[in-house]
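Some notes on the structure that comes next.
For reference, positions follow the sequence shown, starting with 1. Hydrogens, waters and symmetry mates play no part in the numbers below; they use all other heavy atoms, side chains included. Note that the structure is predicted; figures quoted are calculated from it, not measured.
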Amino acid sequence: MRDADGDDARQGQHADHGEHGREQMAVTKSHDPSRLPMLRRLLGDSRAALASPNRNARSAVVLGRLLGIAFLICFGTGLFSHFLQDPLPWMRFPTRPTQLYQFTQGLHITAGIAIIPLLFAKLNTVMPALAQDPPVRGVLHLLERLSIAVFVSAALVQVGTGLVNTYQWYPWPFPFRQVHYALSYVLIGSLVIHIATKLPIIVRYWRAKDSYDAEGRFVRDDTVGSELPPYSQEARPASATYPRGLVGRVLRWVDGAPAASATDGAEPPRASRPSPTATTGRRERIARRGFFAGVAAATAGVVVLTVGQSSRLGEPFNVFAPRQRGLGPAGLPVNRTARAAGVLATATAADWTLTVVGRDVTRTFSRAELVALGMTEVALPISCVEGWSQMARWKGVRMRDLLAAVQAEPSSDVRVTSLERHGGYRVMDMGPEYAADPTTLVALELNGATLDLDHGFPARIIAPGRPGVLQTKWIERIEVRS
């Protein structure tokens, strides 16, 4: 039986402290899960829906390890290519093996193409981390997420523009080479920061045997700060019905549901049926293996179908690469034609001569006079920054012989100028290690025939271990600099 005086007193208390009561009710509502703000409910639902056996810290570490290796390969080979084109004053480069740049740049492009499926696989793996609640937990966490955003953005731009560059298509207003070079430092810097922030997770899940239990289930360790949610298989309600036969068995296996009973018209469970724990572990293991098999197949596919532009072994499978080995004048592809360079008239002029300027002596040579100096034949690859390359046989006058003709030292710095009037590679500087090399030629013939106009007629440079853009075509002047 309720006390009337007590009721009146409580009513008076609420009347006196109405605001306080409403505040208490608001606090109670804020802790009610059914009354969470819409954004938090959305984040929670998204996080639960994205949970998967593939999306765990171990998968992220494995894919991150592969991506890290690929990015470092691209960074190292990219720096080598950059400094070949823009060397610092003290730099000297090896001329042997003669196919060095063919190897490094082919590796650069191949690793860059392999990054594409690996990067998307990694983004797929860490996707649940985007739905954290709260999205930012503090200043350090904000900086960490910003570094990841910078890394992902830089990686997407870098591999995207790099891929388009292999087709020599530039649908953007900025210079590709300079931006590609600068962005590589941004990419590697943000990668280092990302590795530093995730180092406890990387160390904890570096080895597979430390990441999964005996049944194959992922071992979650909350002490290392993984932001990926745990995966738990939601069982189908007991009232759910399954079709008879093979389809029903497959659906039961996928859902982890017990085998059908005799009343369901199916065989009773066998005594040897594995435990639910073993079944869950096996299904998680199969899901992970299927995911990584798909990633491996995609990566191998894009590599095999493009590596033929720089490797003879992959040539039969070259489907998507922009250049096909063996196609073009004299069996060699062409990057920049004479028409595109604007030299159709000057390169075919009857009065063409090559001017060689020494310290004290200057001479001009017609094509016939160059031939009279003596011809040397060498086998050197033409290796372009876009990744394609091919070995060819070149015949012409050795650069050291031309320098001797103007009383210059063989080990001189030289500058070579093309008939082109525009373009970033119209003027090319060559270090003494190349000028003195016996295989560096002013080439007049290619694969047993006179140079084709698109290959640099009447004369071009060919030197060991140099990018194709530095093998200047349609040359008109060689000048000793030092």
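A donor-acceptor contact shorter than 3.5 Å links the side chain of N447 to the backbone of R393. Of the possible donor and acceptor atoms, one in the side chain of T166 sits under 3.5 Å from a partner among the backbone N and O of L163. Counting only distance, with no hydrogens or angles, the side chain of S184 and the backbone of Y181 share a donor-acceptor pair below 3.5 Å. In this structure, T104 contributes its side chain and T77 its backbone to no donor-acceptor pair below 3.5 Å. Not a single donor-acceptor pair under 3.5 Å links the side chain of K473 to the backbone N or O of S418. A donor-acceptor pair is defined here as one N or O able to donate and one able to accept, closer than 3.5 Å; such a pair exists between the side chain of H455 and the backbone of L332. With T125 contributing its side chain and A121 its backbone, the two residues share a donor-acceptor pair below 3.5 Å. Side chain of R398 to main chain of P438: no donor-acceptor pair is present (N/O by atom type, distance under 3.5 Å, no hydrogens or angles). Although no hydrogens or angles enter the test, the distance criterion places a donor-acceptor pair under 3.5 Å between the side chain of S190 and the main chain of L187. At distances below 3.5 Å, at least one donor-acceptor pair connects side-chain atoms of R460 with backbone N or O atoms of Q471.
The salt bridge (charged side-chain N to carboxylate O under 4.0 Å, His left out) pairs that include a residue from residues 200-214 are R204-D221, R207-D210, D213-R217, where partners are two or more places apart or lie in different chains.
At a threshold of 4.5 Å between non-hydrogen side-chain atoms, the residues R145 and L130 count as touching. With contacts defined as side-chain heavy-atom distances shorter than 4.5 Å, the pair E479/T417 does not qualify. In this structure, the side chains of Y170 and T161 stay at 4.5 Å or more apart for every pair of heavy atoms. The shortest side-chain heavy-atom distance between P458 and L451 does not fall under the 4.5 Å cut-off. In this structure, R477 and V357 have side chains that are in contact, with non-hydrogen atoms separated by less than 4.5 Å. You'll find the side chain of N165 stays beyond 4.5 Å of the side chain of H180, heavy atoms only. P333 places a side-chain heavy atom less than 4.5 Å from the side chain of Q390. For the pair Q105/S389, no side-chain contact is recorded, criterion being any heavy-atom separation below 4.5 Å from C-beta on.
Rounding to the nearest 0.5 Å places CG of L444 at 9.0 Å from CZ of F457. Taking CG from N54 and CG from N124, the interatomic distance works out to 7.5 Å, rounded to the nearest 0.5 Å. One finds the CZ atom of R325 at 11.0 Å from the CG atom of L327 (value rounded to the nearest 0.5 Å). Between the CG atom of L146 and the OG atom of S153 there is a distance of 10.5 Å, given to the nearest 0.5 Å. For the atom pair W394 CH2 and L380 CG, the distance stands at 8.5 Å (nearest 0.5 Å). Taking CD1 of I193 as the start and CD1 of I148 as the end, the distance is 10.5 Å to the nearest 0.5 Å.
Residues forming a side-chain hydrogen bond (donor to acceptor under 3.5 Å, both in side chains) with E144 (at least two apart in sequence, or on another chain): K198.
Between Y212 and F218, the two ring planes are perpendicular [angle over 60°; tilted spans 30° to 60°]. Using bins of under 30°, 30° to 60° and over 60° for the plane-to-plane angle, the ring pair F174/W172 lands in the parallel bin. Ring orientation note: the planes of F71 and F151 are nearly perpendicular, at an angle over 60° on the 30°/60° scale.
Here the shortest heavy-atom pairing between A51 and P229 reads CB-CG, 4.3 Å. Across A443 and I462, no two heavy atoms sit closer than the pair CB-CG2, 4.0 Å. Looking at every heavy atom in both residues, P128 comes nearest to L228 through CD-CD2, 4.1 Å. Among all heavy-atom pairs drawn from G431 and D413, the shortest one is CA-OD1, 3.5 Å. Looking at every heavy atom in both residues, P464 comes nearest to T440 through CD-OG1, 3.4 Å. Considering all non-hydrogen atoms of both residues, A321 and T306 come closest at CB-O, 3.6 Å.
Counting heavy-atom neighbours within 6.0 Å of R359 CZ, excluding the residue itself, gives a total of 12 or less. Other residues, nucleotides and ligands contribute at most 12 non-hydrogen atoms within 6.0 Å of the CZ atom of R339. Heavy atoms from other residues, nucleotides or ligands lying under 6.0 Å from CZ of R312 number 12 at most. Residue F120 places its CZ atom among 12 or fewer non-hydrogen atoms of other residues, nucleotides or ligands, all under 6.0 Å distant. Summarising the local packing, CZ of F103 is surrounded by 12 or fewer heavy atoms from other residues, nucleotides or ligands at distances under 6.0 Å. More than 12 heavy atoms of other shown residues, nucleotides or ligands fall within 6.0 angstrom of atom CD in Q178. For CD of E409, the number of neighbouring non-hydrogen atoms (other residues, nucleotides, ligands) closer than 6.0 Å is 12 at most.
For the pair R466 and Y434, the cation-pi criterion (under 6.0 Å, within 45° of the ring axis) is fulfilled. With a 6.0 Å cutoff to the six-membered ring centre and a 45° limit on the axis angle, R336 does not count as a cation-pi contact of W474.
Between R367 and E445 there is no salt bridge, since no side-chain N of the basic residue sits under 4.0 Å from a carboxylate O of the acidic one. A salt bridge does not link R426 to E420: none of the charged side-chain nitrogens sits closer than 4.0 Å to a carboxylate oxygen.
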Please assess I382 against N335 for the test side-chain contact (heavy atoms from CB on, under 4.5 Å), listing each intermediate value before the final yes or no. CA-CA 11 Å; I382 188 75; N335 244 15; over 6 Å; no
Candidate pair T439 and R96, rule side-chain contact (heavy atoms from CB on, under 4.5 Å), full reasoning: CA-CA 11 Å; T439 62; R96 297 292 184 279; 3.6 Å; yes
From CA spacing to verdict: side-chain contact (heavy atoms from CB on, under 4.5 Å), L119, L67: CA-CA 7 Å; L119 181 60; L67 274 173; 4.2 Å; yes
Take D452 and L446 through the side-chain contact (heavy atoms from CB on, under 4.5 Å) test and state the conclusion after the steps. CA-CA 8 Å; D452 185 85; L446 167 62; over 6 Å; no
